[in-house]
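Presented below is the structure to which this report refers.
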Amino acid sequence: MTGDTRSMTRAQATLVATAVALVLLTATLAASLALADRTFAAGTREPATRHAAVATADRLVAADSPYTTAANVLDPVSLAAANVSQLRTAIPPLAGRPFEIRLDGDRLVGAGDPEDAHAVERLVLRRSATDVRLSPRFDRASNYSTTLPRRTRRVELTIRPPGGTTVVRVWANDRVVLANASGLVGTFTIGLSVHETVTLRLDADGPLPRGRVQLTYRPATTTKARLTVVVGSA
Amino acid sequence: MADPRQSRSPRSSNPAGAIRHLAVDERAVSPAVAKTLEAGIVTLYVALVAAVLLGGVVPEYRTAAGDAVGERALVAAAHHVEDAVPATGRAVRVERSVDLPATIRGEPYAIVVDRESLVLAHPAPGIGGRIVLAVPPRVGTLGGRWESSSPSSVVVTGNTSAWRVRLVNGDEP
């Protein structure tokens with residue numbers, strides 16, 4: 001009888017133990033779900049922002065980009081002068097997002113504050129930005145021509161012929177780049193190819209001493225630089 | 001002399017007095033019944049939890065995971081399209097095959113071009129997405145549609161300054 005009483009009490013106690021166990025189980029389940037939820041939310045990384053950053057970097061350094069002279073050769077001056085709305089039109093993923101473009105850490109162009117949301121770095125070649133000025137002499141001895149020592153994309157030509165001399169035409173290699181039957185006077189910008197060395201030749205009816213013709217160009221030398229594109233979320 | 005043991009009631013083992021006799025419905029349950037009750041309660045609990053999880057929590061998580069997978073698949077598709085267009089050249093014909101996951105959340109889906117973006121079209125309401133493409137300026141038209149269930153490819157054609165980029169399924173020309 002005594003044994004019966006004790007096991008009767010134990011039977012009720014095991015029911016309580018079961019209830020407690022189930023409560024603990026529910027609490028564990030709820031905690032696991034909350035943890036999984038938090039981990040899941042933290043893990044999603046906005047792949048669209050990453051895509052915008054990578055696509056922008058690709059477009060900026062591509063061979064057909066207006067800011068490069070060749071694939072991966074960046075012209076920092078044209079990029080620094082870039083208009084934000086032009087960039088957003090040319091690279092649609094940037095629309096509605098803050099972004100910043102830096103070269104060697106210096107900010108070149110940007111809009112808003114991307115807060116380093118997603119940064120992409122590219123190693124590029126940067127065109128040198130120093131101008132070179134030449135004032136050669138054009139006469140019969142030099143065949144009225146001069147060769148530019150470095151390749152360049154464009155050259156600025158200032159012609160002030162002495163009285164009595166008229167410059168009718170200017171050739172770049174075998175291409176006529178400037179022509180005026182009544183004489184060329186003033187400053188002109190000539191576009192050249194970076195893939196060939198250029199000899200400029202004048203069609204003039206008299207010698208042009210030193211100083212009458214001034215050439216200004218930016219030589220196409222390159223140095224390594226780091227381009228950073230930072231794009232934030234929309 | 002009467003036997004002192006015989007005068008004692010058979011139930012009383014308490015020397016101080018007689019124990020109160022319990023009525024039948026005041027008794028505690030026996031262990032066998034207790035174990036059966038426990039088994040029943042636990043089974044009910046498991047069934048309840050399973051119903052709650054499978055009915056509400058699990059489908060939501062599947063949709064959320066499917067959404068993340070869909071977004072990544074869309075970004076990968078956008079990369080494929082952008083990479084397929086060469087940066088230089090005049091006349092071009094590029095055909096590049098693209099690997100897409102066959103199903104998301106167990107169902108096939110489609111990727112469609114909408115003006116300058118790729119859109120993910122999935123039957124489940126919580127899964128979808130849109131990504132803007134960055135293609136070179138010489139790309140004139142962008143069109144086509146990919147079904148996830150068939151092999152997909154990007155076709156870039158053109159021989160003037162305006163190129164045409166198409167999303168092509170299977171063996172279409």
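Order of the sequence lines sets the chain letters (A, B, ...), proteins ahead of strands, with each chain counted from 1. Just so it is clear, the structure is predicted and the values come from calculations on it, not from any experiment.
Listed by sequence position, the residues of residues 121-128 of chain B in contact with chain A number zero, using a 4.5 angstrom heavy-atom cutoff. Within residues 39-47 of chain B, the residues that have a heavy atom under 4.5 Å from a heavy atom of chain A are B:Ile41, B:Val42, B:Tyr45, listed by number.
Dense packing is recorded around CG of B:Asp114, with more than 12 heavy atoms of other residues, nucleotides or ligands lying under 6.0 Å away. No more than 12 heavy atoms of other residues, nucleotides or ligands lie within 6.0 Å of CZ in A:Arg154, so this atom counts as exposed by the packing criterion.
Across every non-hydrogen atom of A:Pro93 and B:Val132, the tightest pair is CG-O, 3.4 Å. Contact record, B:Ala134 with A:Ile91: CB-CG2, 4.1 Å, taken as the closest heavy-atom pair.
Taking chain A as the reference chain and counting heavy-atom pairs below 4.5 Å, the highest number among B:Leu133, B:Asp83, B:Thr88 is found for B:Leu133. Heavy-atom pairs under 4.5 Å with chain A peak, among B:Pro137, B:Ala87, B:Gly129, at B:Ala87.
Contact annotation for B:Leu53: only side-chain heavy atoms (C-beta onward) come within less than 4.5 Å of a heavy atom of chain A. Within the 4.5 angstrom heavy-atom criterion, atoms from both the backbone and the side chain of A:Thr26 approach chain B. Proximity to chain A (any heavy atom under 4.5 Å) is restricted, for B:Arg138, to the side chain, taken from C-beta onward. Proximity to chain A (any heavy atom under 4.5 Å) is restricted, for B:Val57, to the side chain, taken from C-beta onward. The parts of B:Ala64 that come within reach of chain A are both its backbone and its side chain, each placing non-hydrogen atoms under 4.5 angstrom from that chain. Interface residue A:Leu25: backbone and side-chain heavy atoms are both found under 4.5 Å from chain B.
The closest side-chain heavy-atom distance from B:Glu82 to A:Asp58 is not below 4.5 Å.
Considering OG1 of A:Thr18 and NZ of B:Lys35, their distance stands at 7.5 Å, rounded to 0.5 Å.
Within the structure, ring pair (Phe, Tyr, Trp, His ring centres under 6.0 Å) contacts touching residues 66-104 of chain A (residues at least two apart or in different chains) do not occur. Judged as a ring pair (Phe, Tyr, Trp, His ring centres under 6.0 Å), the pairs with a partner in residues 62-81 of chain B (not counting sequence neighbours) are, in order, A:His51-B:His79.
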